[in-house]
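Report on the structure given below.
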Amino acid sequence: MITGSLRRRAVAAGALVLTGALALSACGEKEDDTPGAGAKITPAGGADARLAGMVPADVKADGKIVIGVDAAYAPNEFLDTDGKTVIGWDRELFDAVAAKLGLKTEWVSSKFDDILPGVQSGKYEGGVSSFTINDERKKQVLMVSYFNAGSQWATKKGNPVGVQPDNACGKKVAVQKATVHVEDLEKRSKACTDAGKPAISINQYQAQDQATAALVSGKEDASVADSPIIAYAVKQTNGQLDLLGDIYDAAPYGFLFKKEQTQLAQAVQEATKALMTDGTYKKILEKWNVQAGAINDTAVNP
């Protein structure tokens, strides 16, 4: 809530087929200006012996780290045209972090709201899926900051029903289940009802691609998501959607680790910082056109 090599092509927020509208399919025609096009970016100098030495023995025993991901949040994390390979800048960045630690990555697709419990239980050794860092999550897991994203709205082209983010009373708004945007909409809806106005109809979808599809089809009046996600979705509809209002409530994303894995979280934090220092971090974000969310430092549970 962020990849292997990515060939040039038009991609979207998952494998969608929209009746009577542009298909937001991961199998679109090739385009030279697709974000993320080009060879995978790897860290300069390869693995760092000191950082690799920080990785706990139980994690590095098999030479890989198992990551839980909800691959339906383009361009951060989504499925390639084969329908099974996870791609996106979130994966490409964490692959570089893991490489710095001398590790390979194994990406396991999961529902978004199952990832954090999966990290807690040990099913996954980490979670990488655009998780916004907040106090509730920090009570449950360790989070290593690596990016800054805000919230933004989108509507059908021209905003035909006149949605206003600060006054969406009575409107139908699509949102991905278990994201911070649900709580945001609930607060906005309560403000509506407290003022004697109709509540916002908050329609939660299992994946953001489903929420976007519902908006394109006209089933919903608006959608709200992380700023890089909604901007990417709008671009992929070729004029069917518009961004609405400004980006707000900017907050950092965090890689997730089990509370007890303090040594692993520290190793990942230092490896992420090393990528910022050697320029790999900047190159990956620029490749995917999300450099506006770059941060200058990283921390564990900031």
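Computed from heavy atoms alone, side chains included, the values below leave out hydrogens, waters and symmetry copies.
Not a single donor-acceptor pair under 3.5 Å links the side chain of T105 to the backbone N or O of D95. Distance alone, capped at 3.5 Å, places no donor-acceptor pair between the D80 side chain and the D82 backbone. Q206 contributes no side-chain N or O that, together with a main-chain N or O of K111, makes up a donor-acceptor pair within less than 3.5 Å. Formation of a donor-acceptor pair under 3.5 Å by the D209 side chain with backbone atoms of A72 is not found in this model. Of the possible donor and acceptor atoms, one in the side chain of D48 sits under 3.5 Å from a partner among the backbone N and O of L51. Side-chain atoms of S223 come within 3.5 Å of backbone N or O of A174 as a donor-acceptor pair.
By the side-chain contact (heavy atoms from CB on, under 4.5 Å) test, A154 is found to be paired with L215, I230, V234, residues two or more places apart in sequence or in another chain being considered. With sequence neighbours excluded, the residues forming a side chain to side chain donor-acceptor pair (under 3.5 Å) with E106 are K64, listed by chain and number. Applying the side chain to side chain donor-acceptor pair (under 3.5 Å) test to N296 and every residue at least two apart in sequence or in another chain returns nothing. Under the side-chain contact (heavy atoms from CB on, under 4.5 Å) criterion, L285 pairs with W89, F147, Y281, V290, Q291, A294, not counting sequence neighbours. Annotation: side chain to side chain donor-acceptor pair (under 3.5 Å) contacts of T155 (sequence neighbours excluded): none. The side-chain contact (heavy atoms from CB on, under 4.5 Å) test applied to E125 returns V59, I65, V66, not counting sequence neighbours.
Residue I247 is not grouped with residue V180 when hydrophobic side chains (ILVMFWY) are merged at heavy-atom distances under 4.5 angstrom, including chains of intermediate members.
Among pairs with a residue in residues 261-275, those fulfilling salt bridge (charged side-chain N to carboxylate O under 4.0 Å, His left out) read R50-E270, K273-D297, at least two apart in sequence or across chains. Judged as a salt bridge (charged side-chain N to carboxylate O under 4.0 Å, His left out), the pairs with a partner in residues 188-198 (not counting sequence neighbours) are, in order, D166-R188, D184-R188, K190-D194. Within the structure, every pair that satisfies the disulfide bond (SG atoms under 2.5 Å apart) test and touches residues 150-250, not counting sequence neighbours, is listed here: C169-C192. Applying the salt bridge (charged side-chain N to carboxylate O under 4.0 Å, His left out) test to every pair with at least one member in residues 240-260, sequence neighbours left out, gives these pairs: K157-D242.
Within the 6.0 Å centre-distance limit, the rings of F94 and F255 are counted as a close aromatic pair.
One finds the CG atom of L93 at 9.5 Å from the OG1 atom of T280 (value rounded to the nearest 0.5 Å). Here the OG-CG distance, from S227 to N148, works out to 8.5 Å after rounding to the nearest 0.5 Å. Distance check, rounded to the nearest 0.5 Å: CE of M143 to CG of L256 gives 4.5 Å. Going from atom CG of L116 over to atom OG of S110 covers 10.5 Å, rounded to the nearest 0.5 Å. Note that CD of Q210 and CD of Q176 are 8.5 Å apart. Values are rounded to the nearest 0.5 Å. Note: R91 CZ to N76 CG = 14.5 Å, rounded to the nearest 0.5 Å.
Summarising the local packing, CD of E183 is surrounded by 12 or fewer heavy atoms from other residues, nucleotides or ligands at distances under 6.0 Å.
Annotation: side chain of Q261 is not in contact with side chain of V119 (no heavy-atom distance under 4.5 Å). Counting only heavy atoms from C-beta outward, the side chains of V55 and V268 never approach each other to under 4.5 Å.
No side-chain donor-acceptor contact under 3.5 Å links N289 and Y232.
Residues A178 and R137 approach most closely at O-NH2, 3.4 Å, considering heavy atoms. A225 and Y73 make their closest contact through CB-OH, 4.1 Å (heavy atoms, listed as atom of the first residue, atom of the second, distance).
Hydrophobic cluster membership of Y205, counting Ile, Leu, Val, Met, Phe, Trp and Tyr whose side-chain heavy atoms lie under 4.5 Å apart directly or via other members: none, as it forms a cluster of its own. When hydrophobic side chains of Ile, Leu, Val, Met, Phe, Trp and Tyr are connected at separations under 4.5 Å, V182 ends up clustered with W153, V161, V163, V173, V175, L185, I200, I202, V224, L244, Y248.
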Show your reasoning for whether salt bridge (Lys or Arg N to Asp or Glu O under 4.0 Å) applies to D70 and K177.
-> CA-CA 12 Å; D70 177 17; K177 182 181 178 183; over 6 Å; no
Decide yes or no on side-chain hydrogen bond (donor to acceptor under 3.5 Å, both in side chains) for Q263 and Q266, but give the supporting numbers first.
-> CA-CA 5 Å; Q263 190 175 338; Q266 190 62 43; over 6 Å; no
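Using a 4.0 Å cut-off between charged side-chain N and carboxylate O, D278 and K100 make a salt bridge. Contact check on E92 versus K287 returns a salt bridge, with a Lys/Arg side-chain nitrogen under 4.0 Å from an Asp/Glu carboxylate oxygen.
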